[in-house]
Amino acid sequence: MGVINVLDKHIAELIAAGEVVERPSSVIKELVENSIDAGAKNITVEIKNGGTTFMRVADDGCGIYRDDIKKAFLRHATSKVKTANDLDMISTLGFRGEALASISAVSRLQVITKNENEEIGSCYEIEGGDEISLEEAGCPTGTTFVIRDLFYNIPARSKFLKKDVAEGNAVSALMDKIVLSHPEVAFTFIRDGKQVLRTFGDGKLLSAIYSVFGKDFAKGLIPVDYTLDSVTVKGYISKPINSRPNRNMQNFFINGRFVKTRTGMAALEEAYKGSIMVGKFPSAVLQLTVPYEIIDVNVHPAKIEVRFINERPVFDAIYHAVKSALQQGDVRKQVTFKENTAFNEIKKVNPFTNAQAVFSKAESKPPVNNVKPAEQKAKAYEPKSYNPFDELDLKDEKPKSVSIDNLKMSDSSNPFDIYSKQAIKRNSELENKKAEFSKQKLEKAEQLILKATQQEESLPKQEITVDDLTAESTETPIETEVSKEEVKPLKEISENKTDNNDALTELPKEQTKLRFLGEAFNTYIIVEKNDNEVLIIDKHAAHERIIYEKLKADSGSANVQYLLTPITVTLDKIDYDAAVSNLDMFAKCSFDVEDFGNGTLLVRSAPQYLAATEIADCITEMSGYIASGKKDIYTEKMDWFYHNVSCRSAIKAGNKSTVQELMDIAWTLEKNPQIKYCPHGRPICIVMTKYEIEKQFGRL
């Protein structure tokens with residue numbers, strides 16, 4: 001070992017500065033957090049060239065006393081911690097007292113500040129840790145920091161900076177996180193002379209999200225507000241349909257501080273399990289409020305990681321908050337139509353007067369034969385009623401098609417009210433034929449339905465398929481009113497078989513009215529609900545999820561195989577402790593597990609569908625899930641079994657199904673509104689509202 005040297009103050013400060021100041025975004029983070037701690041309501045951040053040459057942070061906080069300005073730039077000088085006990089109750093964003101000393105050691109810094117109790121402000125300049133000047137200055141209450149030439153005295157460090165665009169993007173991403181963490185503060189971000197971000201500081205998180213991520217992202221969010229014991233979770237989560245291919249949009253804030261927490265991500269994704277497609281991830285902006293004494297924020301130089309004394313309460317609070325928000329806020333996907341349809345285009349056209357319409361027609365045609373343009377134009381002004389059906393050959397069997405673009409307007413406000421007598425007569429004949437034909441089909445359909453509902457002892461059972469109804473009677477859909485109490489619960493459905501003799505009795509006031517309309521492509525059930533919605537249900541996806549939920553709900557009473565020779569499973573100490581403390585969770589999954597001591601579990605029984613060689617792996621995997629805080633400990637093997645059985649047992653797309661089977665699926669979905677996605681995350685049902693349909697036909 002060589003001779004031990006004591007580093008001088010300047011070198012020690014440069015080394016310490018490297019732990020706090022890594023790039024321009026680190027400087028902005030420390031200064032903005034100081035502004036928030038100072039009680040600022042308006043904060044302006046400006047950078048140039050990615051922040052390498054110029055940074056400015058101005059606020060309207062309480063300011064710094066002139067006598068304290070020099071102290072503020074000493075290492076470990078802070079106004080937020082006085083005693084050792086204060087470290088256990090840190091409620092501010094900054095607390096170490098290293099930021100200003102580190103920043104001033106590697107840049108040219110100027111601060112202009114005025115405390116609210118002073119009449120005149122101060123201007124202090126420091127370069128590379130050396131004081132330059134301290135003078136009086138006229139300025140409003142608050143503090144403004146100007147940093148120039150970052151790392152000018154450490155060329156080796158400046159070489160590791162990225163391009164100006166990359167550094168600027170890092171600052172922009174940091175500002176997004178800070179804006180979301182404090183929506184009560186109005187932020188302005190200026191980049192290379194251009195304002196790129198502005199918030200209003202109204203205290204509404206949704207306003208901040210709108211300013212940062214835009215309108216489309218904000219529209220696809222579900223509010224979260226939940227409290228469990230001492231942990232409060234508020235914010236917004238994305239709808240499952242708006243999932244993303246990565247976790248970049250998962251934002252967690254604890255007591256106003258942006259943090260990266262694996263506990264939060266695991267709880268969030270566990271709550272979405274079964275509602276989101278594999279390979280997709282939810283987005284979230286969640287603000288957690290926890291007691292200061294149960295977390296430690298002094299574990300990372302950048303203070304973006306925290307440590308919990310007990311992670312279980314935090315995990316449970318996030319999990320239940322997200323789960324309840326999904327059940328209440330996530331609704332079936334609704335179909336919306338574009339506004340620029342053909343009808344809407346016609347509807348937007350203002351009706352012309354008779355003279356204007358004829359004038360437009362005359363202007364669009366070239367001169368004919370020897371008639372001069374002037375004479376032709378004069379004839380165009382002659383009063384003449386224009387009939388759009390003049391262009392139709394009504395004597396033929398099939399009328400010629402007339403495009404909407406060629407349809408001419410008359411003096412009537414509705415262009416479709418000017419039918420000729422021949423057209424009206426022809427339409428009347430067609431309607432009479434259609435009514436007579438429909439009446440015959442209606443009688444046939446009634447006969448079929450009557451046969452199907454007769455008792456089995458008097459008539460043999462006859463199965464009526466959807467094809468029979470659609471082929472014989474497209475005019476008589478089956479209508480059924482079902483109360484919420486009358487709908488069969490999920491567990492009572494068995495293999496799509498129902499009693500044909502079920503009679504509808506008096507219904508309570510609160511009821512659901514379902515009317516079967518048909519089935520499209522032997523795949524999609526079409527049902528009218530409460531006379532104001534049309535439900536389009538994927539019968540395979542819906543039935544698959546119903547069976548999947550039933551299998552999981554009945555797992556505790558599933559067929560169990562008792563082992564002649566118990567199986568021992570050895571675990572590491574962390575997983576072992578978690579498993580021993582939650583043996584009841586194994587029992588819910590049809591496992592009989594005992595503590596065998598010294599890191600070993602004894603398995604006496606397991607689900608019948610598991611091979612004996614897979615039992616040990618399942619127990620190991622489940623123990624790891626319990627140790628990581630997961631609520632759903634079904635292993636991938638068990639989950640695969642449920643998926644496989646439900647997929648194979650469900651009605652297949654393209655297969656013929658009876659009306660009663662299809663209506664059973666629709667009733668079950670109404671009784672269990674939490675079922676919105678198949679086990680693979682695909683949507684089960686979409687909704688077409690009466691309003692959207694009528695809007696397309698111009699009835700509104």
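Heads up: numbering here begins at 1 and tracks the sequence. Predicted model only: the values in this text are computed from it and were never measured.
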Practice problem: Only counting residues at least two apart or in another chain, list the ones meeting side chain to side chain donor-acceptor pair (under 3.5 Å) with Thr227. | Solution: Thr232
Quiz item: Does any non-hydrogen side-chain atom of Ile103 lie less than 4.5 Å from one of Leu150?
Solution: no
Quiz prompt | Enclosure of Tyr524 OH (heavy-atom neighbours >12, cutoff 6.0 Å) | solution = no
Self-check item: Neighbour count >12 (heavy atoms, 6.0 Å) for atom NZ, Lys177
Solution: yes
Self-check item: Distance-minimising heavy-atom pair for Ser238 and Ile222
Solution: O-CD1, 4.5 Å
Practice problem: Compute whether any side-chain donor of one residue and acceptor of the other, for Asp59 and Ser35, lie under 3.5 angstrom apart. | Solution: yes
Quiz item: Going by an N to O cut-off under 4.0 Å, is there a salt bridge joining Arg312 and Asp316?
Solution: yes
Quiz item: Would you say Lys550 and Ile546 make side-chain contact, with heavy atoms under 4.5 Å?
Solution: no
Exercise. Compute whether any side-chain donor of one residue and acceptor of the other, for Tyr625 and Glu621, lie under 3.5 angstrom apart.
Key: yes
Quiz prompt | Distance in Å, Ile254 CD1 paired with Ile295 CD1, rounded so as to fall on 0.5 Å steps | solution = 6.0 Å
Exercise. Could you check if a side-chain atom of Gln250 sits within less than 4.5 angstrom of a side-chain atom of Pro282, using non-hydrogen atoms only?
Key: yes
Quiz item: Do side-chain atoms of Asp60 reach the backbone of Ala40 as a donor and acceptor pair under 3.5 angstrom?
Solution: no
Quiz prompt | Donor-acceptor under 3.5 Å (Asp575 side chain, Ala627 main chain) | solution = no
Quiz item: Short question: side chain of Asp202, backbone of Lys204 - any donor-acceptor pair under 3.5 Å?
Solution: yes
Exercise. May I ask you to decide if Ala101's main-chain N or O and Ser104's side chain share a donor-acceptor pair within less than 3.5 Å?
Key: yes
Exercise. Indicate yes or no for a side-chain donor-acceptor contact from Gln287 to the backbone of Arg257 under 3.5 Å, with no hydrogens or angles considered.
Key: no
Quiz prompt | Student check: side-chain heavy atoms of Val57 and Ile28 closer than 4.5 Å | solution = yes
Quiz item: Can a donor-acceptor pair be found between the side chains of Thr141 and Glu116 at a distance below 3.5 Å?
Solution: no
Distance-only criterion, 3.5 Å: show the donor-acceptor pairs between side-chain atoms of residues 183-199 and protein atoms not counting sequence neighbours.
| residue | atom | partner | partner atom | Å |
| --- | --- | --- | --- | --- |
| Glu184 | OE2 | His182 | ND1 | 2.9 |
| Arg191 | NH1 | Asn169 | OD1 | 3.0 |
| Arg191 | NH2 | Val165 | O | 3.3 |
| Arg191 | NH2 | Asn169 | OD1 | 3.1 |
| Asp192 | OD1 | Asn49 | N | 2.9 |
| Thr199 | OG1 | Phe187 | N | 2.8 |

Self-check item: Within-4.5 Å side-chain heavy-atom neighbours: Tyr677 and Arg682
Solution: no
Quiz prompt | Value rounded to 0.5 Å, distance of CG in Leu669 from CZ in Arg545 | solution = 11.0 Å
Quiz item: When rounded to the nearest 0.5 angstrom, what is the spacing between CG in Asp538 and CD in Glu544?
Solution: 9.0 Å
Quiz prompt | Phe200 side chain reached by Ser207 side chain, heavy atoms, under 4.5 Å | solution = no
Self-check item: side chain to side chain donor-acceptor pair (under 3.5 Å) partners for Thr143, two or more places apart
Solution: Thr113
Quiz prompt | Side chains of Phe253 and Leu286 in contact at under 4.5 Å (non-hydrogen atoms) | solution = no
Quiz item: Under a 4.5 Å cut-off applied to non-hydrogen side-chain atoms, are Glu670 and Lys529 in contact?
Solution: yes
Quiz prompt | Distance-minimising heavy-atom pair for Asn115 and Gly63 | solution = ND2-O, 3.6 Å
